[in-house]
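For reference, the structure is listed below as structure tokens.
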Amino acid sequence: MADRKILLIGGIAAAALLAAGGLYLASRGGDDQFAGCGGSAVAGGMEGFGTDFTLTRQDGQRVTAGQVFDKPSLLYFGYTFCPDVCPMDSARNAEAAALLRERGKDVQTVFVTVDPKRDTPEVVADFTSLFSDDMIGLTGTEEEIAAVNKGWRNYYKANDAGDGDYYLVDHMTNTYLVLPGNRTVDFFSRDTPPEAMAERVGCFVDALG
């Protein structure tokens, strides 16, 4: 247990460092439909983010990107053994989605693992159920997960060379807003509070019509 505590503390520090580094994104031109919804410099200009995929949902069903993103979605990449950051971010995303539902806006949360070696569908199901009954959890083969992360330009690295059970995974901590049709239009850093996230997402949903 002592060894794991040391690993957890180190993981928190590593995740904080990655979060502080942030994600540099350059706008590639605006989309007038969402012109009033910006909070980041890239609102409506993230056409290069995202990819088609087929992954395994937490209930064991194979699903495509089109099936997953059938409504506005808050997409997050993390892992279930994550000591602090991933649970906090997942809880924040679920809270933002709940605030939006209270306003009559149907938005879902999606969690994609960066640790497919340990995150089986059953493990992912246990994790997502902690935050929302509606959160979609996705896993797959190492190749499938690598391809999805590449599509969203999400860096991750498993530190599993020395410990097969209690290793940590470095990863970026952005949450992406993906609209139906697998269209990524905005992103949120982990210091965005749920209320601010709900406001921005709500603007996109309203503009979507």
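Residues: numbered from 1 along the sequence shown.
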Legend entry - Six-ring centre of Phe69, Arg183 cation under 6.0 angstrom, axis tolerance 45°: no
Legend entry - Separation between CG of Leu74 and CD1 of Ile136, rounded to the nearest 0.5 Å: 11.5 Å
Inset, instruction - Report whether Val110 and Leu99 are members of the same hydrophobic cluster (ILVMFWY, side-chain heavy atoms less than 4.5 Å apart, transitive linking). - result: no
Legend entry - Donor + acceptor pair across side chains of Thr54, Arg62 (<3.5 Å): no
Inset, instruction - Considering only NZ, NE, NH1 and NH2 on the basic side and carboxylate oxygens on the acidic side, decide whether Asp170 and Lys157 come within less than 4.0 Å. - result: no
Legend entry - Gap between atom CG of Asn154 and atom CG of Asn149 - 0.5 Å precision: 4.5 Å
Legend entry - Thr80 backbone acceptor or donor facing Arg118 side chain under 3.5 Å: no
Inset, instruction - Run the numbers on Lys150 and Thr51 for side chain to side chain contact (heavy atoms under 4.5 Å, CB included), then give the verdict. - result: CA-CA 8 Å; Lys150 182 178 180 181; Thr51 185; over 6 Å; no
Legend entry - Check: Thr139 side chain, Asp119 main-chain N or O, donor-acceptor pair, under 3.5 Å: yes
Legend entry - Separation of Glu95 CD from Thr109 OG1 (nearest 0.5 Å): 12.5 Å
Legend entry - Side-chain donor or acceptor of Thr192 paired with backbone N/O of Phe188 under 3.5 Å: no
Inset, instruction - Assert yes or no for the condition that the ring centre distance of Phe111 to Phe127 is strictly below 6.0 Å. - result: yes
Legend entry - His171/Tyr79 aromatic ring centres below 6.0 Å: yes
Inset, instruction - Mark yes or no for whether Tyr176, through its side chain, and Trp152, through its backbone, hold a donor-acceptor pair below 3.5 Å. - result: yes
Inset, instruction - Could you grab the distance from atom CZ of Phe34 to atom CG of Leu177, nearest 0.5 Å is fine? - result: 8.5 Å
Legend entry - Full working for salt bridge (Lys or Arg N to Asp or Glu O under 4.0 Å) between Lys117 and Asp160: CA-CA 10 Å; Lys117 185 159 62 174; Asp160 57 351; 2.7 Å; yes
Legend entry - Sidechain-backbone polar pair: Ser132 side chain, Leu130 backbone, donor-acceptor under 3.5 Å: no
Legend entry - Result of checking Thr175, Asp89, Thr173, Asn93 against Tyr76 for side chain to side chain donor-acceptor pair (under 3.5 Å): Asp89
Legend entry - Face-on cation placement of Arg92 at Phe131 ring, 6.0 Å and 45° thresholds: no
Legend entry - Polar side chain donor-acceptor pair, Asp115 to Tyr156, under 3.5 angstrom: no
Inset, instruction - Say whether, by atom type as modelled, one donor and one acceptor occur between the side chain of Gln58 and the main chain of Gly137 under 3.5 angstrom. - result: yes
Inset, instruction - Give the cluster check for Val85 versus Val123: same hydrophobic cluster or not, with ILVMFWY residues linked at side-chain heavy-atom distances below 4.5 Å. - result: no
Legend entry - CG-CD distance between Leu55 and Gln61, expressed to the nearest 0.5 angstrom: 13.5 Å
